[in-house]
Each structure stands twice: as C-alpha cells, then as structure tokens.
Amino acid sequence: LVCLPTFHSYLPRSHRTYSCVHCRAHLARHEELISKSFQGSHGRAYLFNSVVNVGCGPAEQRLLLTGLHSVADIFCESCKTTLGWKYEQAFESSQKYKEGKFIIEMSHMVKENGWD
C-alpha cells in the first residue's frame with residue numbers, strides 16, 4: 001500500500017483550512033474532518049478523510065489504543081515534520097472505518113481562513 005504525495009496544493013481561501021504550524025503548508029479542508037476525539041503519540045489529534053501536501057513512510061503494524069493497525073507515518077512535504085499517520089489497515093471489524101484515513105496531531109497544525 002503506497003501513499004502518493006500531492007505536493008504544493010493550495011486549498012481555496014474561501015474554505016476553513018488546517019495548515020502545518022511549522023511552515024504553513026496547507027494540510028486539510030475543514031470539510032474533510034471526521035473526528036476531533038483521537039489520541040496521537042503526543043496528545044490530541046484529528047481524523048481526516050483526506051489531506052494534501054503530505055508524504056508517507058513505510059507501513060508498519062502498531063498496537064494503538066483501539067487495537068492492532070497497519071499505519072504509515074505521514075509528514076509535511078514542505079518541512080518534513082512528522083504530523084501523524086495514515087491508517088492502512090485495521091484488523092478489528094469495528095475499526096475498519098479508519099482505513100485510508102489520516103491522523104494529524106493538533107500540536108502540528110493551525111487553523112486558518114475565517115474561523116471566528
């Protein structure tokens with residue numbers, strides 16, 4: 001399973017977006033947010049349906065809070081900071097909805113464009 005990077009995508013200014021806190025590269029549209037109630041390696045994290053400007057490391061099996069998953073670390077294509085991971089495969093049926101989805105830790109992203 002390979003993650004193909006989409007590099008240097010710019011999301012429309014009319015949309016509320018999440019960007020890399022380190023270099024401000026766009027990462028996701030608010031409309032792609034699935035859940036805010038996830039736990040990353042270093043604190044709270046959000047689950048997204050799709051992201052842009054990220055690359056993927058190799059998939060590996062990890063025992064997470066919700067069981068065994070095959071995940072690949074994702075990083076900002078612009079500044080190379082590790083942001084979270086992509087769920088490649090879930091081994092428990094109740095977790096299958098996560099497959100192909102992305103976790104980004106809150107400490108690595110900032111909200112931009114019209115949140116107030």
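Just so it is clear, the structure is predicted and the values come from calculations on it, not from any experiment.
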Contacts of [X] that satisfy side chain to side chain donor-acceptor pair (under 3.5 Å) - sequence neighbours left out:
X: Ser50; answer: Glu32
X: Gln61; answer: none
X: Glu60; answer: Arg62
X: Ser93; answer: none

Please find the pair of heavy atoms, one from [X] and one from [Y], that lie closest to each other, and give the distance.
X: Ala59; Y: Ser70; value: CB-OG, 3.8 Å
X: Glu99; Y: Ala90; value: OE2-N, 2.9 Å
X: Glu77; Y: Val54; value: CG-C, 3.6 Å
X: Ala45; Y: Gly40; value: CB-N, 3.8 Å
X: Arg44; Y: Gln39; value: N-NE2, 4.2 Å
X: Gly67; Y: Glu92; value: CA-OE2, 3.6 Å

Could you tell me if the side chain of [Y] sits less than 4.5 Å from the side chain of [X], heavy atoms only?
X: Cys20; Y: Ser78; answer: no
X: Ile104; Y: Ile74; answer: yes
X: His22; Y: His108; answer: yes

First locate atom [atom1] of [X], then atom [atom2] of [Y], and finally report the distance between them rounded to the nearest 0.5 Å.
X: Leu27; Y: Asn53; atom1: CG; atom2: CG; answer: 7.0 Å
X: Asp73; Y: Ser41; atom1: CG; atom2: OG; answer: 7.5 Å
X: Asn49; Y: Lys101; atom1: CG; atom2: NZ; answer: 5.0 Å

Between [X] and [Y], is there shared hydrophobic-cluster membership here, with clusters defined by ILVMFWY side-chain heavy atoms closer than 4.5 Å?
X: Met106; Y: Leu47; value: no
X: Trp85; Y: Ile34; value: yes
X: Phe38; Y: Leu33; value: no
X: Leu83; Y: Ile103; value: no

Point to revise | Pairs satisfying salt bridge (Lys or Arg N to Asp or Glu O under 4.0 Å), at least one member in residues 17-27, at least two apart | key: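 The answer is Arg24-Glu112.
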
**Study point:** Those residues that, when tested against His42, pass ring pair (Phe, Tyr, Trp, His ring centres under 6.0 Å) (two or more places apart)
**Key:**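 None.
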
Check your understanding: Under the ring pair (Phe, Tyr, Trp, His ring centres under 6.0 Å) test, which residues partner Tyr46, sequence neighbours left out?
Key ->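 With neighbours one apart ignored, the set is Tyr18.
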
Review point. Residues in side chain to side chain contact (heavy atoms under 4.5 Å, CB included) with Ser107, at least two apart?
Key: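 In terms of side chain to side chain contact (heavy atoms under 4.5 Å, CB included), with neighbours along the sequence ignored, Ser107 is linked to Glu105.
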
Exercise for review: Return each pair, listed once, that meets ring pair (Phe, Tyr, Trp, His ring centres under 6.0 Å) where at least one residue sits in residues 59-81; pairs must be two or more places apart or across chains.
Suggested key: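 Counting only pairs at least two positions apart or across chains, the ring pair (Phe, Tyr, Trp, His ring centres under 6.0 Å) contacts touching residues 59-81 are His69-Tyr87.
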
Check your understanding: What's in the same ILVMFWY side-chain cluster as Leu68, cut-off under 4.5 Å, chained through other members?
Key ->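 Listed partners: Leu63, Phe91.
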
